[in-house]
There are 2 protein chains.
Amino acid sequence: MAHRTRRRIPEATVARLPIYLRILTEQFDDGVTGMSSDQLAELAGVNAAKVRKDLSYLGSYGTRGVGYEVEFLVYQIRRELGLTHDWPVVIVGAGNLGQALAGYNGFGDRGFPVGGIVDVDDAKVGSVVGGVRVRHLSEIGPVVKARNISIGVIATPGSAAQDAADALVDAGVTSILNFAPTVINVPHGISVGKVDLAVELQILAYHEQRRTNAAQGSSLVSVPRETHRGASA
Amino acid sequence: MAHRTRRRIPEATVARLPIYLRILTEQFDDGVTGMSSDQLAELAGVNAAKVRKDLSYLGSYGTRGVGYEVEFLVYQIRRELGLTHDWPVVIVGAGNLGQALAGYNGFGDRGFPVGGIVDVDDAKVGSVVGGVRVRHLSEIGPVVKARNISIGVIATPGSAAQDAADALVDAGVTSILNFAPTVINVPHGISVGKVDLAVELQILAYHEQRRTNAAQGSSLVSVPRETHRGASA
DNA sequence: TCGGCTTTGTGAAAACGTGCACAACCGATC
DNA sequence: GATCGGTTGTGCACGTTTTCACAAAGCCGA
Ligand SMILES: NC(=O)c1ccc[n+]([C@@H]2O[C@H](COP(=O)([O-])OP(=O)(O)OC[C@H]3O[C@@H](n4cnc5c(N)ncnc54)[C@H](O)[C@@H]3O)[C@@H](O)[C@H]2O)c1
Ligand SMILES: NC(=O)c1ccc[n+]([C@@H]2O[C@H](COP(=O)([O-])OP(=O)(O)OC[C@H]3O[C@@H](n4cnc5c(N)ncnc54)[C@H](O)[C@@H]3O)[C@@H](O)[C@H]2O)c1
């Protein structure tokens with residue numbers, strides 16, 4: 001019987017499964033066939049209970065008193081994440097980043113081969129990067145359809161990111177990974193992931209700043225902030 | 001009234017402040033001087049109440065019935081994030097990614113100039129990328145101290161990431177941004193951020209897979225991970 | 001000064017995520 | 001076949017984050 005609702009995995013868990021997967025794959029390649037949640041937790045840098053709860057969403061695939069069979073777990077995680085087949089991606093923007101990504105093997109190696117690259121710059125159209133010929137943005141539709149691509153990567157300047165997103169959606173892509181430092185709007189039902197370097201660095205800066213403030217200031221400080229009046233600054 | 005403990009901003013808020021900051025800065029450059037939480041929320045793709053609560057951690061800097069003064073808010077966010085001065089970074093690994101990062105202006109433009117690059121490959125040591133000369137990893141200590149660097153970026157292969165992290169920590173760096181697909185161990189008190197391409201793509205693959213499963217299966221609504229924009233408006 | 005309109009700031013509730021603790025269970029050993 | 005050490009799977013309590021909803025507050029025109 002089909003379940004009434006398809007098992008839904010918490011977003012936080014989905015974000016950790018790829019990490020478990022990578023560790024388990026490495027361990028298996030090293031000849032490790034079985035692991036406990038404690039060992040996996042250690043390698044992943046998380047709590048063991050969290051590992052068990054995460055894995056429990058896949059089903060009860062562990063053996064009490066023993067642990068998990070690595071190969072089987074790899075298979076289950078791959079299945080759950082939809083990694084049983086390749087997901088070709090199309091890259092929009094063949095600049096520094098786009099070229100680096102296209103040439104990066106860790107991309108195709110993990111089941112995400114570059115199925116196409118497009119740009120608007122005629123100087124770049126026609127050149128070959130990472131073994132793929134750069135096409136013009138206007139050809140994105142056929143490119144996407146030819147390989148049945150559903151994931152797009154935006155590597156354009158921020159000012160062109162929304163255009164790129166629109167073009168991707170028009171072409172039929174339903175998931176987007178955005179490297180441009182811009183919030184993009186997409187219709188309902190399209191998934192968007194983002195990688196924003198400046199945000200990551202600024203988060204680190206915040207912690208750095210707290211650290212130094214805490215070190216030099218006395219620990220009892222309260223910030224005497226005024227009620228902010230006419231701060232026309 | 002006065003809190004004994006230093007104001008602590010929730011991590012989720014810290015992660016959004018850089019986005020608000022970027023939007024506000026752009027708007028200010030476009031001549032916008034005032035904004036309501038609704039407008040900012042629209043541009044940031046989040047809920048307006050969340051914007052207000054986030055900003056309230058900085059203090060009460062809005063004006064009821066009017067909104068926020070953009071320039072003042074920019075100043076306050078920058079101050080809170082510790083962006084009132086530059087944070088030079090040291091890059092470990094001068095390969096494809098390391099060179100792309102070093103040559104990327106959006107890095108220094110936002111207050112994170114590349115203060116040094118190190119590698120172990122003698123063929124790369126001595127060359128100049130992004131205006132900075134590549135030094136040997138063994139010189140990382142002096143490089144870090146010379147410019148009082150506290151943030152390090154790992155752009156080595158995964159197999160060398162832990163070594164790179166250890167070298168960074170030894171050199172005195174207290175925050176690390178890791179681009180290698182490896183979990184790194186660091187002593188207590190060191191902040192670590194990570195950017196993992198494969199993880200992001202695999203999260204998208206999961207949602208893609210659910211979508212297609214749902215389409216052929218029952219009529220259950222799938223909830224995308226991070227979709228913005230209402231259809232109307 | 002007043003009242004109507006707008007928007008903030010924030011309590012409180014709901015939703016989500018984490019970690020403890022332990023019963024249930026497995027395999028091994030005697 | 002009973003006992004034992006070891007590990008899973010999960011109920012529960014706790015912490016964090018999001019969202020709602022509304023009183024308080026500012027602005028403006030009458
Ligand atoms: N270079 C890095 O190390 C780095 C790191 C992090 C983030 N980023 C971000 O990645 C994006 C790209 O960076 P980059 O260094 O590759 O820039 P780049 O200028 O080298 O490349 C941008 C490319 O996009 C193309 N382009 C412009 N408008 C387009 C459009 N509408 N459709 C298709 N292509 C279009 C341009 O022709 C160019 O080839 C930027 O948003 C940047 O902020 C770059
Ligand atoms: N290239 C990309 O587009 C891309 C994208 C995302 C993530 N990554 C990740 O970034 C990392 C680097 O990728 P890359 O393509 O630049 O690889 P790369 O092989 O081009 O460069 C790696 C560099 O690190 C140096 N190195 C090796 N061991 C070192 C050590 N112990 N200390 C200092 N330097 C050392 C090597 O000499 C080399 O110059 C990898 O972990 C990769 O998975 C790359």
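In what follows, chains carry the letters A, B, and so on, assigned in the order in which the sequence lines appear, proteins first and then strands, with residues in each chain numbered from 1. Excluded from the calculations below are hydrogen atoms, water molecules and symmetry mates; all remaining heavy atoms, backbone and side chain alike, are included.
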Nucleotide nearest R64(A) (side chain, heavy atoms from C-beta), chosen from dT7(D), dG11(D), dA21(C): dT7(D)
Selection: residues 28-45 of chain A, any non-hydrogen atom under 4.0 Å of DNA chain C: none
Considering only dA25(D), dG19(C), dG27(C), which nucleotide approaches the side chain of T63(A) most closely? dG27(C)
Can you sort out the partners of Q162(A) under side-chain hydrogen bond (donor to acceptor under 3.5 Å, both in side chains), two or more places apart, ordered by chain and number? D166(A)
Report the residue (G65(A) or D54(A)) whose heavy-atom-nearest nucleotide on DNA chain C is the more 5′ of the two. D54(A)
Establish, with yes or no, whether the OP1 or OP2 oxygen of dT10(D) is under 4.0 angstrom from a side-chain nitrogen or oxygen of K53(A). no
Across the strands shown, which category fits Y57(A) at heavy-atom distances under 4.0 angstrom: base, sugar-phosphate, nothing? nothing
Determine whether the side chains of H85(A) and Q209(B) contain a donor N or O and an acceptor N or O closer than 3.5 Å. no
Near DNA chain C, which residues from residues 10-25 of chain B have a heavy atom under 4.0 Å away? none
Tell me whether the OP1 or OP2 atom of dC20(D) has a side-chain N or O from N47(B) closer than 4.0 Å. yes
Around E71(A), counting heavy atoms of other residues, nucleotides and ligands shown, do more than 12 lie under 6.0 Å from its CD? no
F72(B)-Y61(B) aromatic ring centre distance below 6.0 Å: yes
Under-4.0 Å side-chain N/O to phosphate OP1/OP2 contact, Y68(B) with dG26(D): no
